[in-house]
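The block underneath contains the structure these notes are about, expressed in structure tokens.
Here the structure is a predicted model, which means the values were calculated and not measured.
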Amino acid sequence: MHDPRSTRSFWTLAAVGAALTGIGFAAAHFMESRGHVVTGMGNEVVWGLPHVFAIFMIVAASGVLNMASLGSVFGQAPYKARARLSGLLSLALLAGGLMVLMLDLGRPERVLVAATHYNFRSVFAWNVFLYSGLAAIVLVYLWTMLQPGLARWSKPAGIAALAWRFVLTTGTGSIFGFLVAREAYRSALLAPLFILFSLAWGLALFLLVEAVLQARGAAAAPDAVRERMARLLAIFVAACLYLVAVQHITHGYEARRGGFQAFLLLGRGGGATYAALFWAGYVLLGSVLPLALLFHPRWRTQRGVTAAAALVLLGAFAWLYAFIVGGQAFPLEIFPGHAVRSSFGDGAVARYVPSLPEALLGAGGLGAAWLLTLVGMHLFDMKPHDAPAAPAKA
């Protein structure tokens, strides 16, 4: 029987999630009816702030499932206790990300055309199967965990989910890696980089969700478990920072990419905003400061770990914005070795300022993920249940 106070709290939080989701749909309707003139996007920057939200949620949906993989596939008991919540968050984030993605692309009523007519030479067509496949596998995975008679199938389902999410994140990174016309993209390193990002962002998000549950009265994770997850997050964040550095060193070695490297890293030619987001947002606040909080023994408290997780997510948005929007704002090199100028803005850095409807649509996706998570936890037993610590021997 539900505690009345818990029920009231559920309905209050669900109302907040539903309101955010409704605002997101309203913003999408406003942009659809008025046209993209009410957004900051144009012919040069076609993926704006909503895509930053969508890519974040899709990548994090893959990474947050790592908790379940560590428990079911690798037999780690502390993570197995978190497998159900991990699967629920994965489904919720995937649904929220795809909601933003479909509404931002325009003409959502033609989704059936996109779902039934494929161009298999396009990575976008591959992702239709990757996203729907992950949702189906995670649903089966959760079923095996919730139904006691199906427990023996939990590990095979977990192995399938582990393999599929790596393929999915590779496909998401390849959306950009295969865009050979853009100096910011076109890199084989983006596939493994997105996999590492998914692990870091997913774990950081999971730690924040656990902190919220604890604030609402759930049992706190044992100190040993918190320490393990903190060290794991630090490893993921450090690995991401390393691979980002390798990517930029590699790009800097290519003479033809020098212009974009100066644009993004040094802020030259109109790239000051993107350079600030990269260095201050991603490197300093999103990587260096969390690493200090996670590695220093005095700062690796419950609050310190939660603060580090929040900073990692802040850095995720900063990196995605600089990467996605900055990569489009930098002018295309249509005729190598020649300067191009025209009244249409060829050769000039594109100007992009996010509009309020774009931000509201992205927030609506987060609201949808929030609402689905709440409903799932209200209907099913999804909270982590850690085994009691063994009594100390006399």
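Inter-residue side-chain proximity for E358 and V38 is flagged as unmet; no heavy-atom pair is nearer than 4.5 Å. Side chains of L85 and L89 form a contact here, defined as non-hydrogen atoms less than 4.5 Å apart. Between I175 and W47 the shortest side-chain heavy-atom distance falls below 4.5 Å. F124 has its side chain out of reach of N119: every pair of non-hydrogen atoms, C-beta onward, lies at least 4.5 Å apart. For the pair H51 and L101, the minimum side-chain heavy-atom distance is below 4.5 Å. At a threshold of 4.5 Å between non-hydrogen side-chain atoms, the residues L130 and W164 count as touching. Between L142 and L91, some side-chain heavy-atom pair lies under the 4.5 Å cut-off. Here the side chains of M41 and V46 are not in contact, with every heavy-atom distance at 4.5 Å or above.
In the model, S72 has a side-chain atom that pairs as donor or acceptor with a side-chain atom of Y141 under 3.5 Å.
With sequence neighbours left out, the side chain to side chain donor-acceptor pair (under 3.5 Å) criterion links H36 to no other residue. Not a single salt bridge (Lys or Arg N to Asp or Glu O under 4.0 Å) links R165 to another residue, sequence neighbours left out.
Within a 6.0 Å radius of CZ in F120, other residues, nucleotides and ligands contribute more than 12 heavy atoms. By the 6.0 Å contact criterion, CG on N43 is open, its count of non-hydrogen atoms from other residues, nucleotides or ligands being 12 or less. Heavy atoms from other residues, nucleotides or ligands lying under 6.0 Å from OH of Y118 number more than 12.
Applying the salt bridge (charged side-chain N to carboxylate O under 4.0 Å, His left out) definition to pairs two or more places apart or across chains, those involving residues 200-215 are R82-E210.
Interatomic distance, CZ of R216 versus CE of M377, reported as 7.5 Å (0.5 Å rounding). Going from atom CG of L162 over to atom CD1 of I137 covers 10.5 Å, rounded to the nearest 0.5 Å. Going from atom CG of L94 over to atom OH of Y131 covers 8.0 Å, rounded to the nearest 0.5 Å. With rounding to the nearest 0.5 angstrom, the CG atom of L366 is 12.5 Å from the CG atom of L371. With rounding to the nearest 0.5 Å, the separation of CE in M99 from CG in D104 is 11.0 Å. With rounding to the nearest 0.5 Å, the separation of CH2 in W201 from CG in L313 is 9.5 Å.
Both L213 and V64 belong to a common hydrophobic cluster when Ile, Leu, Val, Met, Phe, Trp and Tyr are linked at side-chain heavy-atom distances under 4.5 angstrom. Transitive grouping of hydrophobic side chains (ILVMFWY, heavy atoms separated by less than 4.5 Å) brings F56 and L98 into a common cluster. Following chains of ILVMFWY side-chain contacts shorter than 4.5 Å, one can reach V288 starting from V312, so the two form part of one hydrophobic cluster. In the hydrophobic cluster analysis, where Ile, Leu, Val, Met, Phe, Trp and Tyr join through side-chain heavy atoms closer than 4.5 angstrom, F53 is grouped apart from I23. Residues Y253 and L193 fall into different hydrophobic clusters, defined by Ile, Leu, Val, Met, Phe, Trp and Tyr side chains chained together at heavy-atom separations under 4.5 Å.
Annotation for Y352 and G48: closest pair OH-CA, 3.4 Å, computed over non-hydrogen atoms.
Under a 3.5 Å cut-off, the side chain of T169 and the backbone N or O of I195 do not form any donor-acceptor pair.
Note on ring orientation: taking the six-membered ring where Trp is involved, the planes of F197 and Y282 are perpendicular (angle over 60°, cut-offs 30° and 60°). The aromatic rings of F260 and F330 sit perpendicular, their planes meeting at an angle over 60°, well past the 30° parallel limit. Between F323 and W319, the ring planes lie parallel to each other; the angle is under 30°, not in the 30° to 60° tilted range. Ring orientation note: the planes of Y274 and F263 are tilted relative to one another, at an angle of 30° to 60°.
Side-chain rings of Y79 and F74 stay apart, their centers remaining 6.0 Å or farther from each other.
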